[in-house]
Amino acid sequence: MLAFLIQRVLQAIFVMFVVALISFSLFHYVGDPVLNMLGQEATEADRAALRAQLGLDQPVVVQFWQFIVNAAQFEFGISYRSARSVSDLILERLPATLELAIISAIFAVVMGIVLGIYTAIQRGSWLSKFIMTASLIGVSLPTFLIGILLIYLFAVELGWLPAFGRGQVVDLGWWNTGLLTASGLRSLILPAITLGLFQLTLIMRLVRAEMLEVLRTDYIKFARARGLSKRVVNLRHALKNTLIPVITIIGLQLGTIIAFAIITETVFQWPGVGALFITAVRFVDVPVMAAYLMMIALVFVVINLVVDLLYYAVDPRLRVQGGAK
Amino acid sequence: MGHKPDGEREPVLSVRRLRVEFPTRHATLVALDDVSFDIAPGEVLGVVGESGAGKSMTGNAVIQLLEPPGHIAGGEIRLMGRRIDDLAEEDFVPLRGRHIGMIFQDPLTSLNPLFSIGDQLVETLRAHLPMSEKQARGRALELLTEVGIPAPETRLDSYPHQFSGGMRQRVVIALALAAEPELIIADEPTTALDVSVQAQILALLKRVCAERGAAVMLVTHDMGVIAETADRVAVMYAGRLIEIGPVKEVIGHPRHPYTEGLMASIPGLAERRERLYQIEGAMPRLAAIPPGCAFNPRCPHAAERCRTERPELLPAGGSRAACWLHDPDNPLPRRASAGDSQEVAR
């Protein structure tokens, strides 16, 4: 167990190192920030001074080492655009993105698994067929279009829910949350559905396919032959086996939810990290872009680690090597 | 039927004119047609035949685990006198495991890999018997001891992958017998096992069933297994029962030409032959079963009557065989040449 954990952590560190290398190279290949920051009229001396201030006059290896040391301490330098600390900018906006992502993820996972089980067990019913057909919409429509359609229907036509923003936010000091106010919760519904719909349909179709596969296996037939009730066979024996491959996909999809929050945040003018990144790209704000890249990579790496550990918890075949207990 | 072995005792299982159909887009396939047999308490009935002859289908029909769209389309199945073929699924669930136990071919895939064998035993016991978790664990230990798992108290919390194939089949037998069913359907229980383990598992199956007086329906294509284990044999061909009788009779004096061919094609270890005997041709597909006797295109004795009229099971020596050779009023003559080649082969 410990050896397994150490191995996975080392792999995670290696992945983060590679991502750091890519993030760092952004500084050298995405134009010269000094020109952007100072404009056309600046003198050569001004430029040299700023270059020294930003540490851009050092040898590349030293700069990279400095970048990694800083990144490990969650220090990504100063935003070229707003001249504020990048980590402050991100921390300020992280709660908005995380709340949105977590709510969408719960929505997608819970609904996806429930609908997946239902459509697998009640394969022939008209409701299953309807759900399967409807899910094609979720898979094929692009996220921004779903967002716009939802806004049109529920915000513009029906006027039930707000069309943009986070509503009223409560500041807890270290975290600002929209989950404690009615307007905050109402504002969350449309973006959460928009962001989660694609993952929901994906998870649902995956659960359905895996479940149908598992229901055909010998051990399910044997479980039925032992006289276990349909409910026990479906929800205990079949579901647990179904979830093993599903966990991986769900894990990866959670990472995607955070990464693709960019589009939803733009459509709903959600004040999250994704919107920050879009602005950063527009202004070639390299430190923000690099920090965002590192953050997303970290999310993926951590989720993968958790997925591996979950496997370990669910599947006894991984826990014990050979016959010894 | 008239000619019923163990006529005095009420049979555990009584199947009459069972018909199983598979509706497909083009036609309705008849997978089992007019299958009738009894199994007495404590008796082992071997069911043999080629792949696709309907052996497993018969077992699955009895325990109502037919793959949809397959379904029972006619006939009657009685378990200890009670009719069970017309029960709805929810009424049938309590019968499975409690009155009819089933053992499948592959012990490697019969057990759920994610649950310890203790869990699987306990849930089976508690599904049928009023037991506490603790009582059920105690009973599970006894069951594992009974099927010959060494040191069961250390194995109860092990997972299926920690057992060898033979040991897993022992666990499967323990699971199938947990609630002491009166009928065990064993569907090729030793086919997936090493030859050296097969005999052990068969002996075990025979012993635990004899101890409980359980009737066994042993489905296999291995005549060796039948000879060693069964009391009576039923031979199936193309979804029909073509011969049924005591083991010695059927093996020593096969009455149906198909059974004759089947026996002749078993290689013996003692003798060396240039070529193994084989029955010409192949069993017909379900979609193309010929009229009359299904075996007629391959039969050395086939006459015009065999192509038009389907024989019932007719008394033949100590057995019953579905063949016009045994028609009491007008027996079909055997063709000498075919009979000779059989003698040479044997």
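Protein chains get the first letters and strands the later ones, always in sequence-line order, with residue 1 at the start of each.
For I63(B), the part lying near chain A is the side chain, with the backbone staying farther off; criterion is any non-hydrogen pair under 4.5 Å. Only the side chain of I244(A) comes within contact range of chain B, with heavy atoms under 4.5 Å apart. Residue contact with chain A, scored on non-hydrogen atoms closer than 4.5 Å, is absent for L95(B).
No other option in K230(A), K240(A), R236(A) has as many heavy-atom pairs under 4.5 Å with chain B as R236(A). With chain A as partner, the option from L108(B), I185(B), I103(B), V172(B) having the largest number of non-hydrogen pairs under 4.5 angstrom is V172(B). Of the listed residues (H99(B), E89(B), Q64(B)), the one with the most heavy-atom contacts under 4.5 Å to chain A is E89(B).
Contact check for R224(A) versus M102(B): no side-chain heavy atoms found under the 4.5 Å cut-off. N60(B) has its side chain within reach of K221(A): a pair of non-hydrogen atoms, C-beta onward, lies under 4.5 Å apart.
Here the OG-CZ distance, from S229(A) to R96(B), works out to 11.0 Å after rounding to the nearest 0.5 Å.
Counting all heavy atoms, side chain and backbone alike, A225(A) lies closest to F104(B) at CB-CE1, 4.0 Å. G227(A) approaches A127(B) most closely through the heavy-atom pair O-CB, 4.4 Å.
More than 12 heavy atoms of other residues, nucleotides or ligands sit less than 6.0 Å from atom CZ of R212(B). The environment of R137(B) atom CZ is sparse: at most 12 non-hydrogen atoms of other residues, nucleotides or ligands sit within 6.0 angstrom. In E213(A), the CD atom is not crowded: 12 or fewer heavy atoms of neighbouring residues, nucleotides or ligands sit closer than 6.0 Å. More than 12 non-hydrogen atoms from other residues, nucleotides or ligands lie less than 6.0 angstrom from CZ of F74(A).
When the heavy atoms of residues 110-124 of chain B are compared with those of chain A, the residues falling under 4.5 Å are S110(B), L111(B), N112(B), P113(B), L114(B), F115(B), D119(B), Q120(B), E123(B), T124(B), listed by number.
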